[in-house]
Amino acid sequence: MTMEYKEQLKQKGYTRYRGAVDASVYEYFNCDCSWKAQWYLKKGHYRCCGCKERCETRDPEGFQLFLDLG
């Protein structure tokens with residue numbers, strides 16, 4: 001995956017998602033290379049840049065939720 005795409009995501013306000021992603025997410029996308037996944041998040045919009053498919057979803061199911069302690 002090109003670094004340019006990751007930089008574009010960051011410039012658009014996406015941050016690296018470091019939570020756990022359930023196997024069901026990869027099954028939904030029929031992903032053959034989940035080991036390469038690198039998810040980014042912006043306002044409930046998840047985008048992966050682990051391969052050329054660049055999957056994206058707004059469905060939070062399968063993504064680990066974080067408690068907002070702030």
Side-chain angles (χ1 to χ4, degrees):
M1 179 53 49
T2 63
M3 289 299 288
E4 294 93 29
Y5 184 66
K6 290 180 191 177
E7 289 305 315
Q8 288 174 8
L9 288 178
K10 290 176 187 176
Q11 289 174 2
K12 292 178 181 178
Y14 284 82
T15 57
R16 180 77 189 266
Y17 177 79
R18 300 194 183 275
V21 180
D22 190 79
S24 63
V25 174
Y26 300 110
E27 290 170 9
Y28 173 79
F29 287 114
N30 198 23
C31 181
D32 292 328
C33 50
S34 60
W35 53 275
K36 292 183 357 180
Q38 293 183 21
W39 289 95
Y40 284 78
L41 173 65
K42 176 183 171 184
K43 295 181 183 175
H45 192 186
Y46 301 86
R47 296 182 91 170
C48 184
C49 59
C51 74
K52 64 180 167 71
E53 297 299 324
R54 296 182 179 167
C55 297
E56 56 185 283
T57 184
R58 288 193 172 275
D59 186 354
E61 188 171 331
F63 291 89
Q64 177 186 23
L65 296 177
F66 294 98
L67 296 177
D68 185 6
L69 302 175

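Closest non-hydrogen pair, E61 versus V25, comes out as O-CG2, 3.7 Å. Among all heavy-atom pairs drawn from W39 and A37, the shortest one is NE1-CB, 3.8 Å. Pairing each heavy atom of S34 with each of C31, the nearest pair is N-SG, 3.4 Å. Smallest separation of non-hydrogen atoms from K10 and Y40: CE-OH, 3.9 Å. In terms of heavy-atom proximity, S24 sits nearest to G62 at OG-CA, 4.4 Å. What you find for Y26 and D22 is that their closest heavy atoms are CD1-O, 3.7 Å.
Here the CZ-CZ distance, from R58 to R47, works out to 10.0 Å after rounding to the nearest 0.5 Å. Note that SG of C48 and CD of Q38 are 7.5 Å apart. Values are rounded to the nearest 0.5 Å. Going from atom NZ of K12 over to atom NZ of K42 covers 8.0 Å, rounded to the nearest 0.5 Å. Here SG of C49 is found 10.0 Å from CD of E7. Values are rounded to the nearest 0.5 Å. The CD atom of Q64 sits 13.0 Å away from atom CZ of R18, with the distance rounded to the nearest 0.5 Å.
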F29 vs E53, side-chain contact (heavy atoms from CB on, under 4.5 Å): CA-CA, chis, key distance, verdict: CA-CA 10 Å; F29 287 114; E53 297 299 324; over 6 Å; no
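Two residues are said to be in side-chain contact when any heavy atoms from C-beta on lie closer than 4.5 Å; H45 and Y14 meet this criterion. A heavy-atom distance below 4.5 Å is not found between the side chains of T57 and Y28.
Using cut-offs of 30° and 60° for the angle between ring planes, the F63 and Y46 rings count as parallel.
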